[in-house]
*Asks:* 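Mind looking over this structure? Questions follow.
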Amino acid sequence: MKLIDPITRFHAELQKIRRDIHAHPELSYEEQRTSDVVAQKLTEWGIPVVRGLGVTGVVGIIKSGDGPRAIGLRADMDALPMPELNTFPHASKNAGKMHACGHDGHTAMLLGAAHHLSQHRDFNGTVYVIFQPAEEGGRGAERMIQDGLFEQYPMDAVFGMHNWPGMKAGTFGVTPGPMMASSNEFEVIVKGKGSHAAQPHKSIDPVMTAVQIAQSWQTIVSRNANPNDPAVLSITQIHAGSATNVIPDNASLIGTVRTFSTPVLDLIERRMREIAQHTAAAFDAEVDFNFQRNYPPLINHAKETAFAVEVLQGIVGADNVDAAVEPTMGAEDFAFMLQHKPGCYVFIGNGEGGHRDSGHGLGPCNLHNPSYDFNDDLLPLGATYWVRLAEAFLKPQ
């Protein structure tokens, strides 16, 4: 493993920053303290700072030479609305909020890269370090773009990175094309007519109508979608009724749809609507069909992915880079940035959880788990990747 020596020597400071952020988690668009920490560090290192894009976003601008090319490096800053079970010293001090996805580590790794790049400007062009708010459902990437991120700070490509529990520390995973799925949610209200349960003939039963819709929806992926196009349609909630002897007026179906392409998503949404409406009509019921598209699929660009793989292999060796990693049905709003700019998103292995300090929760070290903690051993590695990526992209001609 070819880590950059000055970054390795800066490891203790990066760990201190990471653990401070972990102890003070902030939710989407509330990352005021976190963005203050980021802006203060960047300013301390002589890096011009722009604040306010995406409400609490921070952009650092690192220039060297007169090269016209520019690269964007992005980290997310927000935490999750969940309690933390860990009791080690850097556990969350904000009740009901936790860095359970490693955004504290992502922020620290990018700060480590920014510090090195500010001190060793071995590149010709501009590096934009992008600290993004509200990845966890808040569409923070989209908000920064709407606020003029790419217009005010033109860049030729943008890159992102996420830690991945279960993947060995010291390894990376990436693939060209779809790597993470679109995230979408639905809520369908079936409107019937209630009655006494002993007199079902006087009702229009929304419960049985909802059950029929739910069963029929399960044929969409298996019978309408191409088997070569992965998709998930999961009904996660069914709500109806309040008493054992009452047929209710309404029932609701709630859940999520995940796909790797927009045409497949279009197909699933259309068939869900048609099946719900026609099934309800067959039972003399009505439906309110609500389908919300949250994040698009994250699709890596082939050229930039090949470039990232080459950089990664130069750091950890070809055997430690899975260049055809299995895509995941999880979602990530960096997808919005990849819709506007070429780029690549990679996974950095977070290990199996053995890195956690004494006092960690008894649960697994998985993302969005109350026993999770970021692996601080990754800080120099992630920062090294960002630096080598920027230096290679902006290599003096």
Side-chain angles (χ1 to χ4, degrees), residues 18 21-22 24-35 37-39 51-60 72-82 84 92 94 96-111 113 128-147 149-150 158-165 178-185 256 258 292-300 327-341 343-348 350 366-369 372-374 378 382 386:
R18 200 285 294 182
I21 294 172
H22 186 96
H24 301 90
E26 297 172 299
L27 304 183
S28 296
Y29 298 118
E30 298 176 1
E31 308 94 333
Q32 191 60 54
R33 183 187 185 278
T34 306
S35 62
V37 169
V38 169
R51 304 187 66 175
L53 292 181
V55 184
T56 49
V58 180
V59 179
L73 310 177
R74 172 270 200 179
D76 36 19
M77 300 187 294
D78 57 321
L80 285 155
M82 59 183 287
E84 180 162 1
S92 173
N94 299 335
K97 303 176 184 179
M98 178 189 176
H99 269 295
C101 203
H103 297 183
D104 50 341
H106 302 164
T107 297
M109 289 190 293
L110 188 54
L111 281 174
Y128 295 111
V129 286
I130 304 164
F131 296 87
Q132 179 211 303
E135 190 281 325
E136 297 289 356
R139 305 168 73 106
E142 182 183 52
R143 183 67 178 271
M144 291 191 80
I145 294 168
Q146 290 172 343
D147 285 352
L149 174 65
F150 294 138
V158 64
F159 294 82
M161 175 167 51
H162 202 294
N163 77 97
W164 208 245
M179 182 158 153
M180 301 186 76
S182 65
S183 172
N184 317 277
E185 59 191 59
T256 185
R258 306 292 175 107
Q292 180 175 324
R293 301 190 179 198
N294 295 329
Y295 292 175
L298 186 149
I299 301 176
N300 280 333
T328 173
M329 281 293 175
E332 159 65 62
D333 81 343
F334 187 70
F336 287 112
M337 293 193 179
L338 291 179
Q339 286 184 328
H340 290 262
K341 294 288 180 179
C344 176
Y345 191 77
V346 305
F347 293 149
I348 180 172
N350 197 60
N366 292 337
L367 300 178
H368 295 214
N369 185 283
Y372 169 88
D373 193 29
F374 182 84
L378 306 183
W386 282 140

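Scope of the values below: all heavy atoms of this structure, side chains included, with no hydrogens, waters or symmetry mates. These numbers were taken from a predicted model, which means no experiment stands behind them.
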*Asks:* Output all residues satisfying side chain to side chain donor-acceptor pair (under 3.5 Å) with Y295, sequence neighbours left out; order by chain, then residue number.
*Replies:* none
*Asks:* Can you see which heavy atom on I21 is nearest to which on H99, and at what distance?
*Replies:* O-CD2, 3.3 Å
*Asks:* Between E30 and K97, is there a salt bridge with N-O shorter than 4.0 Å?
*Replies:* yes
*Asks:* Compare every heavy atom of M161 with every heavy atom of W386, then report the nearest pair and how far apart it is.
*Replies:* NE1-CE, 3.4 Å
*Asks:* When you check the side-chain N and O atoms of E31 and T56, is any donor under 3.5 Å from an acceptor?
*Replies:* yes
*Asks:* Quick one: pull up CG in L53 and CD in Q132 and give me the separation to the nearest 0.5 Å.
*Replies:* 11.5 Å
*Asks:* Taking it one step at a time, do L367 and W164 satisfy side-chain contact (heavy atoms from CB on, under 4.5 Å)?
*Replies:* CA-CA 8 Å; L367 300 178; W164 208 245; 3.9 Å; yes
*Asks:* Please give me the minimum heavy-atom distance between M144 and I130, naming the atom from each residue.
*Replies:* CE-CG2, 3.9 Å
*Asks:* When rounded to the nearest 0.5 angstrom, what distance separates CZ in F131 from CZ in R74?
*Replies:* 11.5 Å
*Asks:* How would you list, by chain and number, every residue that makes a ring-ring contact (aromatic ring centres under 6.0 Å, His included) with Y128, sequence neighbours excluded?
*Replies:* Y153
*Asks:* Enter the distance from D76:CG to S28:OG here, rounded to the nearest 0.5 Å.
*Replies:* 10.0 Å
*Asks:* Without hydrogens or angle criteria, can the side chains of H106 and N163 be said to hold a donor-acceptor pair below 3.5 Å?
*Replies:* yes
*Asks:* Evaluate the ring planes of F150 and H340, with Trp represented by its six-membered ring, and classify them as parallel (under 30°), tilted (30 to 60°) or perpendicular (over 60°).
*Replies:* tilted
*Asks:* Indicate whether any N or O donor in one side chain lies under 3.5 Å from an N or O acceptor in the other, for S182 and N184.
*Replies:* yes
*Asks:* Between R143 and D333, does at least one N-O distance fall below 4.0 Å, as a salt bridge requires?
*Replies:* no
*Asks:* Do T34 and E26 have side-chain atoms, one donor and one acceptor, less than 3.5 Å apart?
*Replies:* yes
*Asks:* Please name the pair of heavy atoms, one in M109 and one in G382, separated by the smallest distance, quoted to 0.1 Å.
*Replies:* SD-CA, 3.4 Å
*Asks:* Donor-acceptor check, side chain of E84 to backbone of S92, threshold 3.5 angstrom: yes or no?
*Replies:* yes
*Asks:* Which atoms form the tightest heavy-atom contact between Y345 and F347, and what is the distance?
*Replies:* CE2-CE2, 4.0 Å
*Asks:* Of all heavy-atom pairs between R258 and A181, which one has the smallest distance, and what is that distance?
*Replies:* CB-CB, 4.0 Å
*Asks:* Tell me, with the steps shown, if H103 and M77 meet side-chain contact (heavy atoms from CB on, under 4.5 Å).
*Replies:* CA-CA 5 Å; H103 297 183; M77 300 187 294; 5.8 Å; no
*Asks:* If the condition is side chain to side chain donor-acceptor pair (under 3.5 Å), which residues does R139 pass it with, not counting sequence neighbours?
*Replies:* E142
*Asks:* To the nearest 0.5 Å, how far apart are NE2 in H24 and NE2 in H22?
*Replies:* 11.0 Å
